[in-house]
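Bear in mind that the values here come from a model prediction, so they are computed numbers and not experimental data.
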Amino acid sequence: MDSLVPQAVLFELSQILSNLVLGENEIRKSAEKELNEKWLANQPEAVLLALTQFTRQSPDDHMRSFAAVLLRRLMFRSVSSTSRLNPYTAIYDHLSENTRKTIEALLLICLANEGVESVRNKIVDTITEMAEGSMSRARQSSDPSSPGGFFVLNYYELIRSMAGAARFMIHLLAPIND
């Protein structure tokens, strides 16, 4: 399979991810700093694409799960004030349409192919947040050719036939009950 990002970038980011899950505080803090200052501030699309690739291809289920969670958390995190981007928006808002569509399509593939329930749950959470973020930014549409339309339609179709449907509904209905 073709890589979404250069192998050198994947290697560096895999080292950072490995260090983020370590119990050693100094190593974890250093990894967080490098992720934020070197990668997210300068190459946020590469980071999110790499996390999507790790979610799909890592042989370790803990790494797939961690990558899905980190992807979700970073995507809608406010952009750092040290970034070249507007500091009052989320990284998601600065992604190219091509990158958004690539991440959306690959997450649907991840969900369809993931065999470990705990990892699948993390992927469902990530897809749910992406769908909600997309719809809240008026990217929703019933027209599959419009931005976000393909993702939302395919996501709804996929979850109708999967055990994750109940989980998705809980995420959707939770704001209504507040």
Name all pairs fulfilling the salt bridge (charged side-chain N to carboxylate O under 4.0 Å, His left out) condition that reach into residues 5-18, sequence neighbours left out, sorted by first residue then second. E12-K38
Rounded to the nearest 0.5 Å, how far apart are CG of L10 and CG of L51? 10.0 Å
How many angstroms lie between atom NZ of K122 and atom SG of C110, to the nearest 0.5 angstrom? 15.0 Å
Minimum heavy-atom separation for [X] and [Y], please, with both atom names.
X    : Y    : result
L4   : L49  : CD1-O, 3.6 Å
L107 : I123 : O-CG2, 3.8 Å
R120 : L111 : CG-CD1, 3.4 Å

Which residues pass the salt bridge (charged side-chain N to carboxylate O under 4.0 Å, His left out) test with E45, sequence neighbours left out? none
By salt bridge (charged side-chain N to carboxylate O under 4.0 Å, His left out), K33 pairs with (sequence neighbours left out) none
Salt bridge check, K101 against E104: does any charged N sit closer than 4.0 Å to a carboxylate O? no
Sequence neighbours left out, cut at 3.5 Å: what donor-acceptor pairs do the side chains of residues 19-26 make with other protein atoms?
{"residue": "N19", "atom": "ND2", "partner": "Q15", "partner atom": "O", "Å": "3.4"}
{"residue": "N25", "atom": "OD1", "partner": "R28", "partner atom": "NH2", "Å": "2.3"}

Applying side-chain contact (heavy atoms from CB on, under 4.5 Å), can you list everything that pairs with N113, at least two apart in sequence or on another chain? I109
Set of residues satisfying side-chain hydrogen bond (donor to acceptor under 3.5 Å, both in side chains) with respect to E34, sequence neighbours excluded: none
ring-ring contact (aromatic ring centres under 6.0 Å, His included) partners of F76, counting only residues at least two apart: Y92
Option from V47, I103, T99, V5 for which side chain to side chain contact (heavy atoms under 4.5 Å, CB included) with T52 holds: I103
Do you reckon V116 sits in the same ILVMFWY cluster as L17, going by side-chain contacts under 4.5 Å, direct or chained? yes
Check whether any side-chain heavy atom of N36 sits under 4.5 Å from a side-chain heavy atom of R77, and report yes or no. yes
Tell me which donor-acceptor pairs under 3.5 Å the side chains of residues 60-73 have, and how far apart each pair is, sequence neighbours excluded?
{"residue": "D60", "atom": "OD2", "partner": "M63", "partner atom": "N", "Å": "3.1"}
{"residue": "R64", "atom": "NE", "partner": "E114", "partner atom": "OE1", "Å": "2.9"}
{"residue": "R64", "atom": "NH1", "partner": "S58", "partner atom": "O", "Å": "2.9"}
{"residue": "R64", "atom": "NH2", "partner": "E114", "partner atom": "OE2", "Å": "3.0"}

